[in-house]
Amino acid sequence: MREPNAVDFWRGIALITIFINHIPGNVFQNYTYSQYGISDAAELFVFLAGWSIGIATRGRDGVPEPAGRTVLRLLSRMVEVYRAQLVITAMALAMLAGAALYLDNPLLVEWHNAGPIFSDPIQATVGWVTLLHQLGFFNILPLYVVLLGLAPAFVLLSRVHLGLAVGLSALLYAVSLVFEINIPSWPVEGHWFFNPLCWQLLLVLGFAAHEWRRSSERFLAWRRRLMPLGIVIVIVGAVLSWFNLRPDPLAVPEPRLLFIFDKSYLSPARLVHFLGVMLAFQAVFGLIQPRARWLTRQLAGLGRNSLAVFSVGSVASLGAQLIRFWTGGGFATDVFVVGCGLASLSFTAWFVEWRSRSPRPSSAA
């Protein structure tokens, strides 16, 4: 397994943050960094996915792999993520149904947009299998599926000209933002919570940042010079969050998404805040790694196995929600459910790597 690195370290932090924030109302949620700014762990997760694509589509010598191999690699990962989404959604539905039966509370099957699947299973089953119907807190992987489907086009275009790929990505983002274009949901009317047409910009920026880091001394120099600006952006975001200062959607001019702090469309304020966070904290891993190797190993282990860890975390967070509902919550309950959840994430990362290291018995002739 690869040694701990900044990408896996930060991805591990993102996974823990997403798990905790997917248990609404728990006491530890107040101490995640998403409570002190405009952006949150979702931006970090998608940006690092783009960075990882930059690593994965180059050989050990740094040379880009053949185009056909790149397309197959990304599309196979897309299928893997899609499969994980189907599995965790099916498990979530079973958990909600089981809890409704055990607690004799039919309202539980209405949680997190699950109601249509039980009241109209024919249409809703087609919907969640095609990703057009998504459960609440289970809508990040559908975004990732679409982004991986778009990624081959941007990666191959970047080999012609990286600036062109980033420019077209920014154009798609701007058009989707201004005209509020999003993928519709079905059979329930509405749209995707994470709009892939906007969030693809963050994936492309992550990929481009990796490419510029490899080839541009100017990029590295400016990244260091802009660290103070990043710190200022983080402080401003903390003030806005602390005093709950948000633009009134009814008072801002059109196009309104340019001015409000909208997560679905990755509004410019969230994007700028996230980039500020990246600038402000770019040196943190280098400071922590020599002083807390056990911590960096644990977090990097989560990041190395992000899909499995995220899937287990999604199911564990729903289980934690149900336990809090059943018991009424409280500090002791929060310590129990969050502690068990973090242990399950750590075990998942260890188990995946243990399986990959364990020798497989040869088949009999």
Side-chain angles (χ1 to χ4, degrees), residues 37-47 49-50 53 74 78 81-82 85 113 116 123 126-128 130-158 160-209 233 237 240 245-276 278:
I38 300 172
S39 62
D40 59 29
E43 282 89 348
L44 179 59
F45 197 67
V46 173
F47 180 85
I53 287 173
L74 294 174
M78 180 186 73
V81 174
Y82 171 73
Q85 171 66 13
N113 203 29
Q123 291 193 79
V126 175
W128 70 263
T130 58
L131 307 183
L132 295 177
H133 184 82
Q134 300 166 14
L135 302 183
F137 301 111
F138 287 78
N139 39 31
I140 294 181
L141 290 189
L143 167 69
Y144 200 20
V145 169
V146 177
L147 296 185
L148 285 170
L150 295 173
F154 287 113
V155 172
L156 297 183
L157 184 59
S158 72
V160 177
H161 195 286
L162 181 56
L164 179 60
V166 175
L168 288 177
S169 174
L171 178 62
L172 177 58
Y173 168 79
V175 170
S176 303
L177 196 69
V178 170
F179 295 101
E180 300 189 22
I181 303 172
N182 195 354
I183 299 177
S185 59
W186 184 87
V188 178
E189 291 186 5
H191 296 88
W192 282 30
F193 181 77
F194 290 101
N195 182 359
L197 302 179
C198 290
W199 281 77
Q200 53 77 30
L201 176 61
L202 202 53
L203 185 89
V204 174
L205 288 177
F207 173 80
I233 292 173
L240 293 175
L245 300 176
R246 295 288 189 274
D248 183 353
L250 300 179
V252 298
E254 293 289 344
R256 64 184 185 87
L257 288 174
L258 293 177
F259 305 99
I260 63 176
F261 301 165
D262 187 82
K263 185 172 184 175
S264 294
Y265 285 80
L266 186 64
S267 61
R270 292 184 65 99
L271 181 60
V272 169
H273 180 263
F274 169 74
L275 295 177
M278 288 291 94

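Atom CG in L266 sits 11.0 Å away from atom OG in S176 (nearest 0.5 Å). Expressed to the nearest 0.5 Å, how far CD1 of I53 lies from CG of L74 amounts to 5.5 Å. Atom CD1 in I183 sits 11.5 Å away from atom CD1 in I181 (nearest 0.5 Å). With rounding to the nearest 0.5 Å, the separation of OH in Y173 from CG in L205 is 10.0 Å. Considering CG of L172 and CG of L168, their distance stands at 9.0 Å, rounded to 0.5 Å. Here the straight-line distance linking atom CG of L150 with atom CG of L203 works out to 8.5 Å at 0.5 Å rounding.
Shortest non-hydrogen contact noted between V272 and I233 is O-CG2, 3.9 Å. In terms of heavy atoms, Q85 sits closest to L141 at OE1-CB, 3.3 Å. Taking every heavy atom of both residues into account, L157 and A165 meet most closely at CD2-CA, 3.8 Å. Closest heavy-atom contact between Q134 and N113: O-ND2, 3.1 Å. Looking at every heavy atom in both residues, L147 comes nearest to V46 through CD1-CG1, 3.8 Å. The two atoms that bring L257 and S267 nearest to each other are O-CB, 3.5 Å, heavy atoms only.
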Using the rule given for side-chain contact (heavy atoms from CB on, under 4.5 Å), can you reason through D40 versus R270, listing the C-alpha separation, both sets of side-chain angles and the distance that settles it, and then say yes or no?
CA-CA 9 Å; D40 59 29; R270 292 184 65 99; 3.3 Å; yes

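Within the 4.5 Å cutoff, no side-chain heavy atoms of Q123 are placed close to those of H133. Residues L143 and F193 fail the side-chain proximity criterion, which asks for heavy atoms closer than 4.5 Å. Using a 4.5 Å cut-off on side-chain heavy atoms (C-beta onward), L44 and M278 make contact. Side chains of P142 and V81 form no contact here, defined as non-hydrogen atoms less than 4.5 Å apart. Considering only heavy atoms from C-beta on, V126 comes within 4.5 Å of W186 through its side chain. At least one side-chain heavy atom of L177 sits under 4.5 Å from a side-chain heavy atom of P268. The closest side-chain heavy-atom distance from Y82 to L131 is below 4.5 Å.
Pairs engaging residues 188-206 under the side-chain hydrogen bond (donor to acceptor under 3.5 Å, both in side chains) rule: S169-Q200 [sequence neighbours left out]. Pairs passing the ring pair (Phe, Tyr, Trp, His ring centres under 6.0 Å) check and including a residue from residues 251-275, sequence neighbours excluded, read F47-F274.
Although no hydrogens or angles enter the test, the distance criterion places a donor-acceptor pair under 3.5 Å between the side chain of S185 and the main chain of G190.
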